[in-house]
Amino acid sequence: MTDEKRIERLSAMLKRRGIILPAFEIYGGVSGLIDYGPVGASIKRKVIQNWIEHWTINGDIVEIDSPTITPEPVLIASGHVGEFNDLMTQCEKCSSAFRADQLAENYHPNPDILGAEEIDHILDSNEIECPNCGEKKWTPARPMNLMFGTKIGAMKASRQAYMRPETAQGMFMLYPSLYRHFRQKLPFGAIQTGKGYRNEISPRQGMIRLREFNMAELEYFIDPENPPITDISMKKEKISLIPDPKENEHEVVSISFSDAISQGILKDQTVAYFLSRTWDFLISVGIKPSKIRFRQHEGTEMAHYAQDCWDCEILGEHGWIECVGIANRTCHDLQSHEKYSNSNSLRAWREFVEPKIESKEVLAPKTSILGPIFRAKAGLVLEALSELSELPNQLPFDLLIKDGTKVEITAEMVERKTVRKNIAGEWFTPHVIEPAFGIDRIIWHILDHAYEETEKEGEKYNLLRLTESVAPADLIVLPLFEKDGMGDSARELNLQINSMKGVTSLIDSSKSIGRRYARADEIGIPWALTVDHTTLEEGTVTVRRRDDQKQVRCDIKELLNHINSGNVSSLF
RNA sequence: GCGCCUGUAGUGAAGGGGUUAUCACCUGAGGUUUCCAACCUCAUGUCCCGGGUUCAAAUCCCGGCGGGCGCACCA
């Protein structure tokens, strides 16, 4: 599956053509950090733009943009600080790494709170064995947190903060604003694209595991009791699913989305809908359908917040790589932020179909009698009466009040009666479905799938068969020669094309025409326009198609119309 | 983090204590050329970084940084 040589040739091309390069290379480079060069940045921008348009097209999802620097309390509530401040230790013999507190579990009531030295002592004095090899020697426990820490402000006044490990928290922070923006009606969603940071222990595999990476996340808020109705019955194409994998058993099921739902493989309609929309997006940016599969998470690998999770994996030269995670995060985040922040704006209102009439038997206090009797305690008595869950069968009775004393309540002090209450609805914490995309990983696979090594007249010939929507430029203008006015004519044409909104064109006039076609093919420009002598005489140019090198001659005015409407391909 | 391998122009490679480090492609300038990496002339550009050994280090040794693979980790 993995062809090292092809990866090397592809990486060399990506570097040579200014697509993906190692970052800070003149200083030796930093592992896990990459640059998008002049060509790559354009591809990346297009992929992200496609992604944004893909999700916002229905109007129920909006884009937001949040800071990457995140104060510590946010990430405490989200669980990122706690989850990653665990002490880790390694077996000195087999170098298996474990959470130190889990190893010490049977020797301390709450090992979670221990410091590194204490936990080292427990591991040592109890001769705890390595679950893997049985050895009893452990490296000193060290806290492992994959977040980059930083400080907001200077010196004493500074606050602990982290570079965000995911963009998702930004959407949760803005939930109150989103709720108002959408007129307080679920479901709705918010997307955000941007950088995320994880201080990986050992970044590997080129741009697959980066320390700073481009994420694109969607948080879709729903009412779990009234989930949105999504119809994907028209989705008939076969997809690959690996449901609920057992021990090393990766059974791939080839099935359509609609059948997967009716057969109960996809249990959550909303999750299924996002799987299907994710599929559509990946296809639209040029991922090959046969190289996509969805794998359900096992319980053990589930993120700390997720209830149900599917990975979308893409097959490339590095094997099957997780590129999208689609998780039902339930109410975990909003509820946790509510608890830590004391905010009361993280809920939604669910109106009942019919108002509920709640009737309740109460002991209604007669305050004119209670007051003079209990005086200072009267307030506590009233509170205790209203909080009675069960009414006493007989009066008088002894009532326990908050200061710990008991008072006698007699029949004169209260009136037993039934109170009716109209309840129109209730507040609840919305659930959230999160599709999280690793943009860099997707771009890698777009390039991988598009990169084709062929031969032309006995020579090696490479091209990127990028779909038009993610090509670094839409066209390239090539004067056949830089003389007789062909160069000027080409520059004028290039300017005309570039002045159209949303269309980008390059121009190249150095070296032979064949060489320029080759260079354009290698960075995936789908169309080349060649200005020749006939152009000067008749106002026509040749249009060359990258994928089969076919050419047609076309009137410039007509061509400009086709370019403007985005269907150059109809000329062929 | 650990172990093994590895680092020479933009790319791909050769060389392996001793003149000015070699080659191809690429890139740039000029010429030529009426559509697919053509040709001619010229030019730019390289031993990852820091120590050590040595009269002399790109070459040997040590460390760092980067890359690959395996183990471990991976919200």
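As the structure is a prediction and not an experimental result, all values here were calculated from the model. Lettering of chains follows the sequences in order, A, B, ..., and the numbering in each one begins at 1. Heavy atoms only: backbone and side chains are in, while hydrogens, waters and symmetry mates are out.
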Euclidean distance, Thr535(A) OG1 relative to Leu480(A) CG, rounded to 0.5 Å: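 Nearest 0.5 Å value for the CG-OG1 distance: 8.5 Å.
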
Strand contacts (RNA chain B) in [range], 4.0 angstrom heavy-atom criterion:
range: residues 474-496 of chain A; result: Leu480(A), Phe481(A)
range: residues 507-518 of chain A; result: Ser510(A), Lys511(A), Ser512(A), Ile513(A), Gly514(A), Arg515(A), Tyr517(A), Ala518(A)
range: residues 447-456 of chain A; result: Lys456(A)

Where do [X] and [Y] come nearest, in terms of heavy atoms and distance?
X: Gly524(A); Y: Ala471(A); value: O-CB, 3.5 Å
X: Val477(A); Y: Leu493(A); value: CG1-CD2, 4.2 Å
X: Pro430(A); Y: Tyr175(A); value: CG-OH, 3.3 Å

Under-3.5 Å donor-acceptor pair between [X] side chain and [N] base:
X: Glu200(A); N: rC74(B); value: no
X: Arg209(A); N: rC73(B); value: yes
X: Arg16(A); N: rC26(B); value: no
X: Thr542(A); N: rC35(B); value: yes
X: Ser78(A); N: rA75(B); value: no

Can you give me every donor-acceptor pair (side chain of residues 454-463 of chain A, partner residue at least two apart or in another chain, under 3.5 Å) with its distance?
unit_1, atom_1, unit_2, atom_2, d
Thr454(A), OG1, Tyr461(A), O, 2.9
Lys456(A), NZ, Gln549(A), OE1, 3.4
Tyr461(A), OH, Asp521(A), OD2, 2.5

- prompt: Hey, is CG on Leu536(A) packed in by over 12 heavy atoms from elsewhere, all under 6.0 Å?
  reply: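 Correct, the count exceeds 12.
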
- prompt: What orientation do Phe437(A) and Phe281(A) show, parallel under 30°, tilted 30 to 60°, or perpendicular over 60°?
  reply: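 If you compare the ring of Phe437(A) with that of Phe281(A), the planes turn out perpendicular.
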
- prompt: Can you give one letter per nucleotide of nucleotides 3-8 of chain B, going 5' to 3': B for a protein heavy atom under 4.0 Å from the base, S for sugar-phosphate only, - for none?
  reply: ------

task: Report the C-alpha distance between His80(A) and Ser78(A) in whole Å, list the side-chain angles of each, state the deciding distance to 0.1 Å, and finish with yes or no for side chain to side chain donor-acceptor pair (under 3.5 Å).
output: CA-CA 6 Å; His80(A) 288 93; Ser78(A) 71; 2.5 Å; yes

Listed once per pair and sorted, the ring-ring contact (aromatic ring centres under 6.0 Å, His included) pairs that draw on residues 504-528 of chain A, sequence neighbours left out: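 As it turns out, the ring-ring contact (aromatic ring centres under 6.0 Å, His included) pairs with a partner in residues 504-528 of chain A, which skip direct neighbours, are Trp527(A)-Phe572(A).
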
Just checking, is any N or O donor in the side chain of [X] or [Y] under 3.5 Å from an acceptor N or O on the other one?
X: Ser505(A); Y: Asn498(A); result: no
X: Thr540(A); Y: Arg553(A); result: yes
X: His431(A); Y: Asn328(A); result: no

Classify the nucleic acid contact of [X] as base, sugar-phosphate or nothing, counting any heavy atom under 4.0 Å across all strands shown.
X: Pro165(A); value: base
X: Gln551(A); value: base
X: Gly206(A); value: sugar-phosphate
X: Gln549(A); value: base
X: Ser31(A); value: sugar-phosphate

- request: Kindly point out which of rU11(B), rA75(B), rU27(B) is positioned nearest to the side chain of His80(A)?
  value: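 Side chain of His80(A) sits closest to rA75(B).
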
- prompt: Closest to the Arg198(A) side chain: rC35(B), rG66(B), rA75(B)?
  reply: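 That would be rA75(B).
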
message: By nearest heavy atom, map Gly32(A) and Glu25(A) onto RNA chain B; which one lands nearer the 5' end?
response: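 Nearer the 5' end of the strand: Glu25(A).
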
- prompt: Listed by chain and number, what are the side chain to side chain donor-acceptor pair (under 3.5 Å) partners of His449(A), not counting sequence neighbours?
  reply: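 Not a single residue meets the side chain to side chain donor-acceptor pair (under 3.5 Å) criterion with His449(A).
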
query: Can we say Arg16(A) and Glu522(A) salt-bridge, meaning some charged N sits less than 4.0 Å from an Asp/Glu carboxylate O?
result: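 Looking at Arg16(A) and Glu522(A), the cut-off is met.
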
- prompt: Does a salt bridge link Lys5(A) with Glu453(A), judged by any charged N lying under 4.0 Å from a carboxylate O?
  reply: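 No, no charged N to carboxylate O under 4.0 Å.
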
[atom1] gap between [N] and [M], integer Å:
N: rA37(B); M: rU27(B); atom1: C1'; answer: 14 Å
N: rG51(B); M: rG30(B); atom1: C1'; answer: 48 Å
N: rG17(B); M: rC48(B); atom1: P; answer: 16 Å
N: rA13(B); M: rU6(B); atom1: C1'; answer: 15 Å
N: rA57(B); M: rA21(B); atom1: P; answer: 14 Å
N: rA38(B); M: rA29(B); atom1: P; answer: 16 Å
N: rU46(B); M: rC23(B); atom1: C1'; answer: 13 Å
N: rU11(B); M: rG67(B); atom1: P; answer: 15 Å

[atom1] of [X] versus [atom2] of [N]: gap in Å, rounded?
X: Arg519(A); N: rC36(B); atom1: CZ; atom2: P; value: 16 Å
X: Arg9(A); N: rA13(B); atom1: CZ; atom2: P; value: 11 Å
X: Arg17(A); N: rG12(B); atom1: CZ; atom2: P; value: 13 Å
X: Lys15(A); N: rC48(B); atom1: NZ; atom2: C1'; value: 11 Å
X: Ile321(A); N: rC74(B); atom1: CD1; atom2: C1'; value: 12 Å
X: Leu210(A); N: rA75(B); atom1: CG; atom2: C1'; value: 16 Å
X: Arg6(A); N: rG68(B); atom1: CZ; atom2: C1'; value: 18 Å

message: Checking Arg209(A) now: which residues fulfil salt bridge (charged side-chain N to carboxylate O under 4.0 Å, His left out) with it, not counting sequence neighbours?
response: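 Checked Arg209(A) against salt bridge (charged side-chain N to carboxylate O under 4.0 Å, His left out); matches are Glu200(A).
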
Ser512(A): side-chain contact (heavy atoms from CB on, under 4.5 Å) partners, not counting sequence neighbours: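 Once residues adjacent in sequence are excluded, the partners of Ser512(A) under the side-chain contact (heavy atoms from CB on, under 4.5 Å) criterion are Arg515(A).
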
Just list the side-chain donor-acceptor pairs under 3.5 Å for residues 215-222 of chain A, sequence neighbours left out, or say none.
unit_1, atom_1, unit_2, atom_2, d
Glu217(A), OE1, Thr167(A), N, 2.8
Glu217(A), OE1, Thr167(A), OG1, 2.6
Glu217(A), OE1, Ala168(A), N, 2.7
Tyr220(A), OH, Asp60(A), OD2, 2.8

Sequence neighbours excluded - salt bridge (charged side-chain N to carboxylate O under 4.0 Å, His left out) pairs with any residue from residues 435-448 of chain A: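 For residues 435-448 of chain A: Arg6(A)-Asp448(A).
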
message: Stem list for RNA chain B, please, built from Watson-Crick and G-U wobble pairs under 3.5 Å and keeping only runs of at least 3.
response: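 Consecutive-pair runs (3 or more) involving RNA chain B: B:1-7 with B:65-71, B:10-13 with B:22-25, B:27-31 with B:39-43, B:48-52 with B:60-64.
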
